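Per chain, numbering begins at 1; letters A, B, ... match sequence-line order. The shown structure was predicted, so the numbers you read here are calculated from the model rather than taken from an experiment.
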Amino acid sequence: MFAFTRNLGARLSGITARYASTATNAAKPTYTAPASVSVPAQFKPNIKGQGVMQLIAKEEVKRMGADGRSRLFNKSHPECLRPGDVVLVETLNSMSTDKTSTFVGVLIAMDRRGLHSNFTVRNVVLKVGVEMKYMLYSPLIKSVRVMKKGEGFRRAKLFYLRDNPGRAFRLEGLVKQDKAAQAKKTTKA
Amino acid sequence: MLQLKSILNVIDNSGAVWAECIRVLHGGQYARIGDEIVVVVNKAKSNAIAAASGVPKVKKGDVRHALVVRARKETLRPDGRYVRFDDNACVLLNKQGEPLGTRVLGVVSGELRQKKWMKLLSLAPKVV
C-alpha cells in the first residue's frame, strides 16, 4: 500500500509539477501542536521488503521504546540487562495514578520478542519464591534499575536457581543500601 | 490450576497445615488465585494457641471452604505481567465466606484485590 502511493506520487510529481502553481507550493500550511499535547516523534519507516504487520510492530517498538528502555535489551549497549543482575522494577498501579509498586529480584530470563519482549525476575519473599514476568514495553513499567550486576552466571536462563538458589536471593542488604542511597539522593535534590 | 486432589498449604492460624481440594466452587475444573474451593484438612497442628485466641479448632478430616491465595501456575495480570509462586496456598473460610483465622502467615497474591477479600489483604504481611 505504502509503496504504491509512493511510486504513484513520484510518477505524478513530474506531471503535476508543470501544472502546479508556485504560489500554492510555497504557502503549505504547517501545523504546530499546542504545548499541552505531546506529539510523538515522527519517523519514516523503511518499508522495503516488509509486511504491514512487521512495520506496525517496528513502529510500536520505536514508539514505546522512546524513553530508552530498548537499551536494556540491546546487547551492544553497556547498560544491557544480563541474567543474574539484581533488578528493581517499579510499576505504576494503573495508568491513572502515580502510585507505584516495587519488586526486587534476580533476573532469571530475558526473552527478546520485539514488542512482546519480556523478562522474568525472581525473589524469595517470606520463604516463598515469587517470580514476576514483566513486559518490557508495557506503559505501566515506570523504571527498571540494576542494583547489582550479576557475576558468575554462565547461562541465558537461570531456571536452575529455583532448585539450587545458593546465596542468590539474599537481597535484604542490597535493598537497604539502595533505600539509603535513594533517600540521600532525594535529600540532596 | 488447582483441582480435585490438589494439595495446598494452609497459611492462616486456623491450625490446619495442608489441605486437599475436593471441589472447585465456581463449577469448572480448575481453581485459580481468588477462587473459592472446598478442602479436606489433611494435617492439622494441635492448636492450643489458636483455641485461646478464639479461632475455631480445625481437625484433620474437617471439610471447609477455602480461598486460593497463591498458585504455582502463572497468573496473568491485565497489563501483561505474570506472577508465579513456588507453592499453592489457601486460607480457610467459614460458612459466611469470611477468613476463619485471624492471621495470615506468608505472602499473598495481589489478585485478591476485590472488596470481599480486603480484610484478608490487610491481614497479610506481604502482598505481591
Please identify, among B:Ala89, B:Ser109, B:Gly110, B:Gly80, the residue contributing the most non-hydrogen atom pairs under 4.5 Å to chain A. B:Gly80
Rounded to the nearest 0.5 Å, how far apart are CG of B:Asp79 and CD1 of A:Ile141? 7.5 Å
Using non-hydrogen atoms only, which part of B:Val83 is less than 4.5 Å away from chain A: side chain, backbone, both, or neither? both
Here the gap from B:Arg113 atom CZ to A:Asn93 atom CG, rounded to the nearest 0.5 Å, amounts to 7.0 Å
Looking at B:Arg84, B:Arg70, B:Lys126, which one has more heavy-atom pairs under 4.5 Å with chain A than the rest? B:Arg84
Quick one: what part of A:Ser101 sits under 4.5 Å from any heavy atom of chain B, side chain, backbone, both or neither? neither
If you count heavy atoms of other groups shown closer than 6.0 angstrom to NZ of A:Lys176, is the number above 12? no
Gap separating the NZ atom of A:Lys127 from the CG atom of B:Leu105, nearest 0.5 angstrom: 10.5 Å
Assess whether atom CZ of A:Arg69 is packed by more than 12 heavy atoms of other residues, nucleotides or ligands within 6.0 Å. yes
Should we count CZ of B:Arg77 as having more than 12 external heavy atoms under 6.0 Å? yes
Would you say that more than 12 heavy atoms from the other residues, nucleotides or ligands in this model lie under 6.0 Å from the NZ of A:Lys157, or not? yes
For A:Leu126 against B:Pro125, the heavy-atom pair lying closest together: CD1-CG, 3.8 Å
Distance check, rounded to the nearest 0.5 Å: A:Lys133 atom NZ versus B:Arg81 atom CZ? 14.0 Å
